[in-house]
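The chains referred to below are lettered A, B, ... by the order of the sequence lines, with proteins before strands, and numbering in each begins at 1.
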Amino acid sequence: MEFEPQDQLVQRQKNLQRIAELGFEPYPHKFDWKQTPAQIVAQFGEHSAETLKQSEVKVSVAGRILTIRLHGKAGFAHIQGEGQRLQIYVKLDAVGPRIFELFQLLDMGDIIGVSGHLFRTKTNELTVWVEKLTLLTKALLPLPEKWHGLADVEMRYRRRYLDLISNERVREIFLRRAQVVRHMRAFFDARNYLEVETPMMHPILGGATARPFVTRHNTFDADFYMRIAPELYLKRLVVGGLDRVYEINRNFRNEGIDAIHLPEFTMLEFYQAYSDYRDVMKLTEELFSGIAKAVCGGTKVKYGDHEIDFGRFEALSMREAIVKYWPTAAGKAPTIEELATPEGPRAVAERYNAYARSKGLEEGFDAIADLNESSAGDLTGALFEEIAEEHLTQPTFIYDFPADISPLSKRRADDPTLAERFELFIEGMELANGFSELNDPADQERRFRAQVEAGGLEMPKEIDWDYIRALAHGMPPTAGEGVGVDRLIMLLTDSHAIREVILFPTLRPQKDSETDAAPAPREEHP
RNA sequence: AGGGGCGUAGCUCAGUGGUAGAGCAGCGGCCUUUUAAGCCGUUGGUCGUGGGUUCGAUCCCCACCGCCCCUACCA
């Protein structure tokens, strides 16, 4: 083994050898624990010194040593288990010379089991009076600095195990993440949705617009795409009579990485027959406010220097949002009527571009590109993103999306240029995207053809005929939604980067020469 | 991809154009109620890599590598 710090590793190996020489099993198989540190603190944390003395509470508890304070013929240590620290007191008189020598050979990071009884020290800290001590696992490498913990951002992600040991907040984020997902499942299960799993490897790209990862299957001698969305498979299930389905799983998109994007991220996606997008919006409010109450104790949640209220959802049409957030300095604000005319979005975009260029890029304004090659719908979407999106801090539904940027959505009956589609924005982030599902196979075929013709790395290269066939068999009026689980968890844990809420976020692979481990002879695994 | 910032001991960080420092961790002592234990002593660094300027570079310049932030891309 060659790891930094090598001198400390060697020293700890010596300690381990000495422990073995004393006749202790270096890596025992089992320790008969009765409580976790967290249980002990929860149960006896309030008991007075007197009460503990009278009741003589016996405990048997295991954990990782985080601190050691030796005092000659006695010593204190803290062990940690289930995220809770518990102090132990080891005294020569109480454990005898052999175990006391073992205790002196322990290092921070070692995993031990102790049994004894509880008492309070002079400073009134709940402490285990150790009668027996067992080494359960030797830690051959030291923990990060005990006061500051692990701060190097890259190493926190690459060695998340150390991050979890030494940064309490990290542990809490992932406990809460599990609560959120558990609550989601309970929410849909209670409403009679069926949880399903659909393929992660797709022969045809579909369900979203994004550049995919491509992988190869040897036996089929064929390429597959890592899925960018489960949508088309979930709707096939609705055709098959599974009227309410949901899936919580990973999507993969081969695109940029920043504070709110990672190549693999978790999506909740659900579909319900005999519903439209209004039903799904309502359900989304229930879901989000319910989760906030369940995991944060209320609908108002602190995020950075302000508060998000999951109990109140605004709703604006996309055109209304553009009008509302039009910069006053940009001159005459567009009207909803103007944006609704066929040439309106182009005229508005030209006006906006003139303003953006006058302000200059250094002030963060950007012009909307490709005015001539874009449809009115493209431009409306671009105007919305440029002007309104960043302002949507509190939960806000944006609805009435242009149909031509919504290839899987049903058109509005009274205006076929608009789709029955919405997105939910919070903190300027897209949290969810839902719509009444397009179930007219002829229209779906036209829209698929348009996508294939448009081309580009993020577009399917061929039409998913089986999906159209499924629609031709008849999909009931259906609505569905995708929810960015990681982003929701960011909001509920006051985290401001998506990597903070993903245990092992995608990082650039390390070359051997950059790690501190000598890659030694590689073992071939059969 | 463009702009900015950072890279110094295992960890957290100072610092200087004259080849480096603290705290923690480690090692050797003392210490039977401490808790960032304390006290005494002590090991450890090609200052990210490679060039250049200079009598001399960790410091200044250039390139490269990595990370972070912003912008762009990305529904």
Side-chain angles (χ1 to χ4, degrees), chain A residues 3-12 14-15 49 66-78 85-95 100 107-109 119-125 127 129 141-159 162 166 207-211 228-229 253-263 265 318 361-367 369 377-378 381-382 384-385 389 398 401-402 405-409 421 423 425 429-433 435 456-458 482 484 496-497 499 507-511 513-516:
Chain A
F3 294 111
E4 286 296 324
Q6 182 67 22
D7 59 332
Q8 296 195 37
L9 186 146
V10 168
Q11 179 60 38
R12 284 169 180 240
K14 279 185 198 156
N15 291 351
L66 292 188
T67 63
I68 301 177
R69 294 173 293 285
L70 287 174
H71 292 266
K73 298 188 177 61
F76 291 91
H78 276 106
R85 286 176 181 218
L86 177 65
Q87 183 168 256
I88 65 170
Y89 181 55
V90 183
K91 202 166 87 139
L92 175 59
D93 302 347
V95 297
F100 196 74
D107 294 296
M108 287 191 281
F119 77 110
R120 282 188 183 276
T121 62
K122 280 179 183 168
T123 52
N124 209 36
E125 179 165 349
T127 302
W129 183 282
L141 289 169
L143 293 174
E145 213 260 358
K146 66 182 173 188
W147 189 240
H148 300 93
L150 190 62
D152 182 271
V153 178
E154 186 182 0
M155 211 185 294
R156 284 188 46 228
Y157 299 139
R158 289 202 190 274
R159 305 189 190 164
L162 294 180
S166 55
T209 309
R211 294 173 62 178
I228 56 173
R253 297 187 183 179
N254 202 342
E255 288 171 354
I257 293 180
D258 62 27
I260 59 170
H261 295 91
L262 272 183
F265 61 98
M318 186 175 276
L361 298 178
E362 68 274 11
E363 289 195 41
F365 288 92
D366 197 14
D378 289 333
F384 165 74
E385 282 172 33
E389 198 174 290
I398 298 296
F401 273 59
I405 57 170
S406 309
L408 299 163
S409 309
R421 174 181 174 194
E423 286 186 352
F425 290 87
M429 289 193 287
E430 180 194 338
L431 261 288
N433 175 18
F435 37 88
L457 293 166
E458 69 287 342
H496 297 257
R499 287 168 311 195
L507 299 173
R508 184 183 300 275
Q510 275 184 306
K511 296 178 201 134
S513 60
E514 287 167 4
T515 70
D516 62 32

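When the P atom of B:rA1 is taken as reference, atom CD1 of A:I257 falls 13 Å away, rounded to whole Å. Rounded to whole Å, the distance from CZ on A:R158 to C1' on B:rC11 is 18 Å. Atom-to-atom, CG of A:L162 to P of B:rC11 comes out at 11 Å; the value is rounded to the nearest Å. Going from atom CE of A:M155 over to atom P of B:rG66 covers 17 Å, rounded to whole Å. The nearest whole Å value for the distance from the CG atom in A:L70 to the P atom in B:rG29 is 12 Å. The NZ atom of A:K91 sits 13 Å away from the P atom of B:rU34 (whole-angstrom rounding). Taking atom CZ of A:R499 as the reference point, atom C1' of B:rC67 lies 9 Å away to the nearest angstrom. Here B:rC67 presents its P atom at 11 Å from CG of A:D152, a figure rounded to the nearest Å.
Taking atom C1' in both B:rU33 and B:rG41, one finds a spacing of 27 Å when rounded to whole Å. Comparing the P positions of B:rU43 and B:rC31 gives a spacing of 24 Å, expressed to the nearest Å. For the P atoms, the distance linking B:rG2 with B:rA36 amounts to 49 Å, nearest Å. Here, B:rC61 and B:rA72 have their P atoms 30 Å apart, quoted to the whole Å. Using atom P as the reference point in both B:rU8 and B:rG45, the two lie 16 Å apart (nearest Å). Distance check on atom P: B:rG56 versus B:rU19 gives 15 Å, rounded to whole Å. Atom P of B:rG10 sits at a distance of 27 Å from the matching atom of B:rG5, rounded to the whole Å. A gap of 11 Å separates the P atoms of B:rU49 and B:rA9, to the nearest Å.
Among the heavy atoms of the strands, none lies under 4.0 Å from A:R211. Note on A:G149: only backbone sugar-phosphate atoms sit closer than 4.0 angstrom, heavy atoms only; bases stay farther off. A:R421 comes within 4.0 angstrom of a nucleotide base, judged by non-hydrogen atoms across all strands. Residue A:L9 is classed as having no contact, given no heavy-atom separation below 4.0 Å to the nucleic acid. Counting non-hydrogen atoms under 4.0 angstrom, A:E125 reaches a base of the nucleic acid. Within the nucleic acid shown, A:E458 has no heavy atom closer than 4.0 Å to any nucleic acid atom. Nucleic acid contact for A:F119: base, since at least one base atom lies under 4.0 Å from a heavy atom of the residue. A:D258 comes within 4.0 angstrom of a base, heavy atoms only.
Taking all atoms of both residues into account, the shortest heavy-atom contact from A:E430 to A:E423 is OE2-OE2, 3.4 Å. A:G256 approaches A:H261 most closely through the heavy-atom pair O-CB, 3.5 Å. The heavy-atom pair separating A:D258 from A:I260 by the smallest distance is OD1-N, 2.8 Å.
Mapping A:F76 and A:T67 onto RNA chain B via the closest heavy atom, the residue that lands nearer the 5' end is A:F76.
For B:rC67, the paired nucleotide is B:rG5, the pair qualifying as Watson-Crick or G-U wobble because both relevant distances are below 3.5 Å. Base pairing annotation: B:rU54 forms no Watson-Crick or G-U wobble pair, as no partner gives both donor-acceptor distances under 3.5 Å. Applying the Watson-Crick and G-U wobble criteria (two distances, each under 3.5 Å), B:rA20 pairs with nothing in any strand. Summarising the base pairing, B:rG26 is matched to B:rU42 through a Watson-Crick or G-U wobble pair whose two defining distances lie under 3.5 Å. Applying the Watson-Crick and G-U wobble criteria (two distances, each under 3.5 Å), B:rU34 pairs with nothing in any strand.
Of the possible polar contacts, none joining the A:E385 side chain to the A:A382 backbone as a donor-acceptor pair under 3.5 Å is found. Proximity of a side-chain donor or acceptor of A:R421 to a complementary backbone N or O of A:I405 within less than 3.5 Å is detected. A:R253 contributes a side-chain N or O that, together with a main-chain N or O of A:I228, makes up a donor-acceptor pair within less than 3.5 Å.
The aromatic rings of A:F119 and A:Y89 sit tilted, their planes meeting at an angle between 30° and 60°.
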> How far apart are the C-alpha atoms of A:N15 and A:Q11, what are their side-chain angles, what is the distance that settles it, and do they pass the side-chain hydrogen bond (donor to acceptor under 3.5 Å, both in side chains) test?
Replying inline: CA-CA 6 Å; A:N15 291 351; A:Q11 179 60 38; 3.2 Å; yes

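When distances are taken from the side chain of A:A74 to each of B:rU32, B:rA75, B:rC68, the shortest belongs to B:rU32. In this structure, the nucleotide among B:rG66, B:rU33, B:rU34 sitting nearest to the side chain of A:E154 is B:rG66. Side-chain proximity of A:R508 to B:rG10, B:rC67, B:rA75: nearest is B:rC67.
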>> Across nucleotides 20-28 of chain B, 5' to 3', mark each nucleotide with B, S or - according to how protein heavy atoms within less than 4.0 Å reach it.
In response: ---BBBSS-

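Here the CD atom belonging to A:Q87 is positioned 4.0 Å from the CD atom belonging to A:E125, to the nearest 0.5 angstrom.
Within a 6.0 Å sphere centred on CZ of A:R120, heavy atoms belonging to other residues, nucleotides or ligands number more than 12.
Side-chain nitrogen and oxygen atoms of A:R69 include none within less than 4.0 Å of the OP1 or OP2 phosphate oxygen of B:rG38.
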